[in-house]
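Please read all numbers here as calculations on a predicted model, not as lab measurements.
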Amino acid sequence: MKVKLVKRIIRNVPNVIASEEEPPPPSSPPEEEPNKQMLYESEEEEDEENNERVILSEPQVIIPLKSNILNHIHGVLYDHKSRILHHESQARKMALRGYLENLQINESVSRFQRRITELSWHPKEPYFVGAGCKGGDKVFMKGSFAPNGDLKFNQKLAIKGAGPGGAIFSMRFDENRRNLVYTAGLEGAVNRYDIEHGGTLDHQFYNTNSFSHWFTSMDVSQATRTILAGCTKGRVYLSTLDGEKVLETRLHKGKVLHCEFNQLLPHLIVTSSIDKTVKLWDLRKLTDTSPLEVLVHSKPVNVAHFNPLNSSRLLTSDQHNEIRIYEGPYWNKSMTISHPHRQFQHLTAIVANWHPQCAVIVIGKYPVVPKRTKAPPRPIQFFDADTGNLIQELYPPINDIVSLNQFNPVGDVLASGQGRSLIFFNLQDQIYVLSKNMETLKRKKTGSGIQFPSRISDSDSNDEDEDRDTKEKQRCKKRKTDTVKTKSQSSGKGSKKK
């Protein structure tokens with residue numbers, strides 16, 4: 001009988017008249033309009049157990065809608081919050097689509113000595129970016145707005161690298177101490193540099209002292225004040241930002257290509273490897289080598305990024321033609337996008353990345369082309385993470401492969417690494433496209449080219465390297481012609497003697 005009473009009350013809850021005023025006492029209800037302030041029920045039900053007739057005549061007190069728990073349950077059941085978030089994400093995508101259609105090249109920075117291998121924006125300064133190349137050079141640029149509203153990027157600092165064998169594979173900024181930057185690379189070291197004091201080495205966390213064992217990935221968590229680094233042996237190193245080493249353990253069978261902290265849950269980390277797996281770990285139980293989840297792929301996985309909006313999605317891109325999206329908290333695969341971005345030995349790995357403000361994916365395209373045919377366009381493509389559809393394509397001025405693409409924290413500037421060039425895209429009226437011939441003129445006029453500190457000689461510049469290459473080629477041609485002439489002369493003399 002009690003169960004039927006509860007069912008009857010819940011069934012009639014939508015008919016309850018909401019009122020923020022206190023209801024009148026039940027002893028003196030109005031005679032003419034009794035249903036405006038009070039709801040009375042006078043129904044008869046038959047009890048199945050006792051076969052008795054029960055009369056319900058007690059009044060039900062009105063509960064305001066603001067404090068009605070049944071309304072909250074009703075909202076959870078119909079997921080009103082998720083609908084609102086869905087509409088917000090759709091509105092953001094529509095705005096971003098119009099933004100991408102009008103996206104233009106703002107500036108193309110002068111070429112590095114070698115191809116760019118890493119890009120990173122400062123999380124607290126939206127127009128401060130750092131880039132590292134295969135030769136170990138680290139360049140930091142800061143954008144500023146001109147009086148006419150144009151955004152201009154100027155070089156703040158350039159740190160000379162070690163040259164061959166000094167490639168930078170990972171770079172992260174310190175959110176609290178904005179003058180510090182962390183790097184990991186082919187030298188086998190994880191270092192921290194001070195930007196404000198000329199790029200001096202502030203601290204060295206690890207050093208393998210070996211070219212056969214180096215660090216391939218790194219991430220920094222300000223919440224736990226720890227730094228995480230992965231190496232070519234499948235090991236992961238964890239230490240505090242003060243330099244205290246916490247642990248070192250092997251998590252993969254092959255090279256660890258990427259490692260990252262979750263922004264909302266700092267104890268949750270993800271690692272991807274050349275062993276074709278992506279693994280999620282609990283940092284508090286990392287020594288047990290028992291992953292929370294193992295996501296198996298068909299090819300080695302270059303990156304695994306958490307969604308910057310709520311960290312509830314995981315984006316992975318392999319070394320062939322797959323982009324996958326996994327949904328938390330169970331990390332089930334929700335989508336697979338077929339996209340050509342195969343790996344090549346002398347090419348920076350093409351990786352996918354999130355837009356910081358909405359569920360949009362950005363990645364460069366490397367189409368498969370038959371031999372002896374003209375190269376097709378190689379644009380930067382944007383995909384909808386909810387549907388997997390292609391939203392927009394962005395074509396750089398030179399038809400080269402764009403391996404690295406990353407939006408700044410605000411989401412209004414896109415930095416792209418194309419070979420040895422760093423390109424910035426945003427909504428600018430002025431377009432700067434630099435070629436090899438225009439590069440020297442721009443250095444003289446604006447000085448926006450990469451300028452290393454005075455302790456480094458000017459002979460390291462790109463133009464002089466190209467001049468040297470051309471001179472060496474000319475010398476080789478002269479030597480070949482001279483050798484051919486001497487051989488012909490010697491053969492002629494021999495025939496005459498005979």
(request) Apply the side-chain hydrogen bond (donor to acceptor under 3.5 Å, both in side chains) test between Arg192 and each candidate in Thr183, Asp174, Asp202; give the one that qualifies. (result) Asp202

(message) With side chain to side chain donor-acceptor pair (under 3.5 Å) as the criterion, how do His297 and Thr277 come out once you've worked through the C-alpha distance, each side chain's angles and the decisive distance to 0.1 Å?
(response) CA-CA 6 Å; His297 291 65; Thr277 61; over 6 Å; no

(message) Please find the pair of heavy atoms, one from Val303 and one from Ala352, that lie closest to each other, and give the distance.
(response) CG2-O, 3.9 Å

(message) Between Glu118 and Arg172, does any side-chain N to carboxylate O distance fall below 4.0 Å?
(response) yes

(message) Check whether Glu260 reaches the backbone of Phe306 with its side chain - one donor and one acceptor, N or O, closer than 3.5 Å.
(response) yes

(message) Between Phe211 and Glu187, is there a side-chain heavy-atom distance shorter than 4.5 Å?
(response) no

(message) Checking the side chain of Thr117 only, and the main-chain atoms of Ile168 only, is there a donor and an acceptor separated by less than 3.5 Å?
(response) yes

(message) I need the single residue from Phe128, Phe145, Phe140, Phe424 that forms a ring-ring contact (aromatic ring centres under 6.0 Å, His included) with Phe153. Which is it?
(response) Phe424

(request) Please report the shortest heavy-atom distance between Met171 and Gly130, naming the atom on each side. (result) SD-C, 3.8 Å

(message) Under a 3.5 Å distance rule, please check whether Trp354 uses its side chain to pair with a backbone N or O of His305 as donor and acceptor.
(response) yes

(request) Run the salt-bridge test on Asp137 and Arg114 with the 4.0 Å N-O cut-off and return the result as yes or no. (result) no

(message) Under a plain distance cut-off of 3.5 Å, with no hydrogens placed, do Asn302 and Gln319 share a side-chain donor-acceptor pair?
(response) yes

(message) Given Ile227, which partner from the list Leu238, Val190, Val246 fulfils the side chain to side chain contact (heavy atoms under 4.5 Å, CB included) test?
(response) Val190

(message) With no hydrogens and no angle check, just 3.5 Å: does a side-chain donor-acceptor pair link Thr240 and Asp242?
(response) no

(request) Drop me the distance from Asp386's CG to Cys358's SG, to the nearest 0.5 angstrom. (result) 9.5 Å

(message) Here's one to test your reading of the geometry: is the NZ or CZ of Lys124 within 45 degrees of the ring axis of Phe173 and under 6.0 Å from its centre?
(response) no

(request) Output yes when a side-chain donor or acceptor of His267 lies under 3.5 Å from a complementary backbone atom of Thr224, and no otherwise. (result) no

(message) Can you confirm whether Pro340 sits close enough to Lys365 that some side-chain heavy atom of one is under 4.5 Å from a side-chain heavy atom of the other?
(response) yes

(request) Taking all non-hydrogen atoms of both residues into account, name the closest pair between Thr232 and Ser212 and its distance. (result) OG1-O, 3.9 Å

(request) Please lay out, stage by stage, how Glu327 and Arg313 fare under the test salt bridge (charged side-chain N to carboxylate O under 4.0 Å, His left out). (result) CA-CA 5 Å; Glu327 298 283 347; Arg313 283 180 167 186; 2.8 Å; yes

(request) Please confirm whether the backbone N or O of Met218 pairs with a side-chain atom of Ser170, one donor and one acceptor, at under 3.5 Å? (result) yes

(request) Could you tell me whether the side chain of Asn262 and the main chain of Ser311 form a donor-acceptor pair under 3.5 Å? (result) yes

(request) Of all the heavy-atom pairs spanning Leu286 and Thr249, show the shortest one and how long it is. (result) O-CG2, 4.1 Å

(message) Any donor-acceptor pair under 3.5 Å linking the side-chain atoms of Gln381 with those of Glu393?
(response) yes

(message) Can you confirm whether the side chains of His122 and Asn408 place a donor and an acceptor under 3.5 Å from each other?
(response) no

(request) Please check if the side chain of Gln155 supplies one atom and the backbone of Val139 the other of a donor-acceptor pair under 3.5 Å. (result) no

(request) Decide whether Thr348 and Arg115 meet the rule of one side-chain donor and one side-chain acceptor closer than 3.5 Å. (result) yes

(message) Between Thr200 and Asp194, do the side chains contain a donor N or O and an acceptor N or O under 3.5 Å apart?
(response) no

(message) Would the distance check show the side chain of Asn399 and the main-chain N or O of Arg378 forming a donor-acceptor pair, the cut-off being under 3.5 Å?
(response) yes

(message) Using a 3.5 Å distance criterion without hydrogens, assess whether the side chain of Trp281 forms a donor-acceptor pair with backbone atoms of Leu268.
(response) no

(request) Verify whether one side chain among Thr208 and Ser210 offers a donor that lies under 3.5 Å from an acceptor in the other. (result) no

(message) For a 4.5 angstrom cut-off between non-hydrogen side-chain atoms, does Leu422 reach Leu119?
(response) yes

(message) Quick check on the 6.0 Å ring-centre criterion: do Phe383 and His339 meet it?
(response) yes

(request) May I ask you to say whether Glu322 pairs ionically with Lys299, meaning some side-chain N is under 4.0 Å from a carboxylate O? (result) no

(message) Quick one: does any side-chain atom of Asp219 pair with a main-chain N or O of Phe261 as donor and acceptor, under 3.5 Å?
(response) yes

(message) Determine whether Asn179 and His197 satisfy the following criterion, side chain to side chain donor-acceptor pair (under 3.5 Å), listing intermediate values before the conclusion.
(response) CA-CA 9 Å; Asn179 60 318; His197 293 83; 4.8 Å; no

(message) Under a plain distance cut-off of 3.5 Å, with no hydrogens placed, do His252 and Asp275 share a side-chain donor-acceptor pair?
(response) yes

(message) One pair to check against side chain to side chain donor-acceptor pair (under 3.5 Å): Tyr326 and Arg324. What are the steps and the verdict?
(response) CA-CA 7 Å; Tyr326 294 87; Arg324 296 187 183 183; 3.1 Å; yes

(request) Take Tyr127 and Glu125, measure what side chain to side chain donor-acceptor pair (under 3.5 Å) needs, and give me the verdict at the end. (result) CA-CA 6 Å; Tyr127 302 109; Glu125 298 185 16; over 6 Å; no

